[in-house]
> 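My questions all concern the structure below.
Every number for a ligand or one of its atoms is a count from 1 in the order of the listing.
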Amino acid sequence: MNKFQILVVEDDAPVRNLITTTLKAHDYRFITAACGEEAITLAATHNPDIILLDLGLPDIDGVEVIRRIRSWSIVPIIVISARSEDTDKIDALDQGADDYLTKPFSVEELLARLRATQRRLIIVQNSQLSQAHYENGALTIDFAGGCAFLSGVELHMTPTEYKLLCLLAQNTGKVLTHKYILENVWGSNLQSDVASLRVFMTMLRKKLEPTPESPSYIQTHIGVGYRMLKVE
Ligand code: CA
């Protein structure tokens with residue numbers, strides 16, 4: 001039995017059945033919700049490993065569901081929606097969705113996205129097991145609590161900024177290429193996403209570095225990537 005539990009949020013019964021039948025055939029455990037409020041409750045009470053989320057829900061919009069779950073959880077959220085406009089995708093991703101699949105979707109693609117998300121989860125879980133707590137200069141990260149502190153003051157980060165910080169911290173001293181970071185934080189391998197990575201890095205540095213123009217934690221390797229330095 002696959003140990004991953006998926007929360008399927010979909011009000012359209014035939015689509016929900018297609019997804020759950022697929023999950024069942026591949027030994028995933030799953031729970032289902034047919035509206036947004038139920039999804040938020042189940043996410044809190046059942047602590048699923050991955051959420052598959054439709055956006056057009058009968059009570060509250062899926063984007064609002066993402067926003068509310070993201071206020072306390074970094075669980076991966078894969079949107080499955082008929083909305084195919086770039087603005088809809090950007091809106092969902094900005095609120096903290098990890099991936100976006102447009103309806104009609106292929107079952108094979110859904111399974112591939114799930115596997116990719118699982119691989120990232122396993123990497124994160126393994127590194128959390130080997131190291132529950134990270135300290136570097138004035139920076140500390142409590143992986144179990146999902147929070148980070150600078151000189152004892154909690155850093156207020158978006159889920160993406162936090163994932164980015166954890167990835168760099170877990171690889172302190174190593175240069176991580178743009179490609180590696182995009183794959184591990186966004187699940188993307190598009191060179192065009194390097195621009196958004198830069199934006200996130202600027203935001204993260206503003207929070208982390210006392211003087212962002214001469215960073216002491218995150219070093220830029222122009223054209224290559226970034227490295228978390230060991231700070232004394
Ligand atoms: Ca719907």
Side-chain angles (χ1 to χ4, degrees), residues 1-121 124 146 158-160 162-163 182-183 185-190 192-193 196 200:
M1 196 69 172
N2 195 312
K3 68 187 174 78
F4 285 86
Q5 186 186 56
I6 318 286
L7 168 58
V8 180
V9 187
E10 174 62 74
D11 59 315
D12 184 343
V15 178
R16 193 171 61 234
N17 289 341
L18 170 66
I19 296 172
T20 55
T21 305
T22 304
L23 293 178
K24 202 181 285 176
H26 290 81
D27 289 335
Y28 285 97
R29 294 183 296 132
F30 59 85
I31 45 177
T32 62
C35 70
E37 293 292 354
E38 189 185 6
I40 292 165
T41 304
L42 287 179
T45 54
H46 286 65
N47 199 21
D49 297 294
I50 299 173
I51 298 176
L52 298 178
L53 176 69
D54 177 30
L55 294 183
L57 296 168
D59 54 347
I60 50 174
D61 194 81
V63 175
E64 172 68 10
V65 174
I66 299 171
R67 203 182 60 74
R68 284 174 49 188
I69 290 176
R70 274 292 170 260
S71 65
W72 47 266
S73 172
I74 58 166
V75 59
I77 299 175
I78 303 175
V79 169
I80 304 180
S81 175
R83 298 178 196 167
S84 58
E85 297 291 326
D86 278 354
T87 49
D88 294 317
K89 293 183 187 174
I90 290 166
D91 199 20
L93 295 168
D94 276 347
Q95 290 301 326
D98 294 85
D99 204 349
Y100 200 106
L101 207 56
T102 306
K103 288 178 188 168
F105 58 95
S106 91
V107 162
E108 289 309 317
E109 185 176 6
L110 171 64
L111 289 168
R113 305 258 182 148
L114 280 173
R115 288 194 298 272
T117 305
Q118 282 177 268
R119 283 197 295 275
R120 289 198 296 280
L121 278 176
V124 172
T158 65
T160 302
Y162 177 74
K163 277 205 256 178
L182 288 172
E183 280 175 2
V185 176
W186 282 272
S188 148
N189 53 15
L190 298 176
S192 57
D193 288 343
S196 34
F200 276 99

> Closest to the Ca ion (ligand 1), which N/O/S atom of Asp54 is it?
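Sorting the N, O and S atoms of Asp54 by distance to the Ca ion (ligand 1) puts OD2 first.
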> Hey, is the Ca ion (ligand 1) within less than 3.0 Å of some N/O/S atom on Asp11?
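Yes, within the cut-off.
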> N/O/S atom of Ala82 under 3.0 Å from the Ca ion (ligand 1), yes or no?
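It does not: Ala82 brings no N, O or S atom closer than 3.0 Å to the Ca ion (ligand 1).
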> Salt bridge check, Glu37 against Arg68: does any charged N sit closer than 4.0 Å to a carboxylate O?
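Salt bridge present between Arg68 and Glu37.
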> Are Glu109 and Arg113 ion-paired here, with the side-chain N under 4.0 Å from a carboxylate O?
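Here Glu109 pairs with Arg113 in a salt bridge, since their nearest N and O are under 4.0 Å apart.
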> Only one of Asp91, Asp54, Asp61 clears salt bridge (Lys or Arg N to Asp or Glu O under 4.0 Å) with Arg83; which?
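Of all the options given, the one that passes is Asp61.
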> For atom NZ of Lys24, decide whether the heavy atoms of other residues, nucleotides or ligands shown that lie under 6.0 angstrom number more than 12.
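Check fails, neighbour count at 12 or below.
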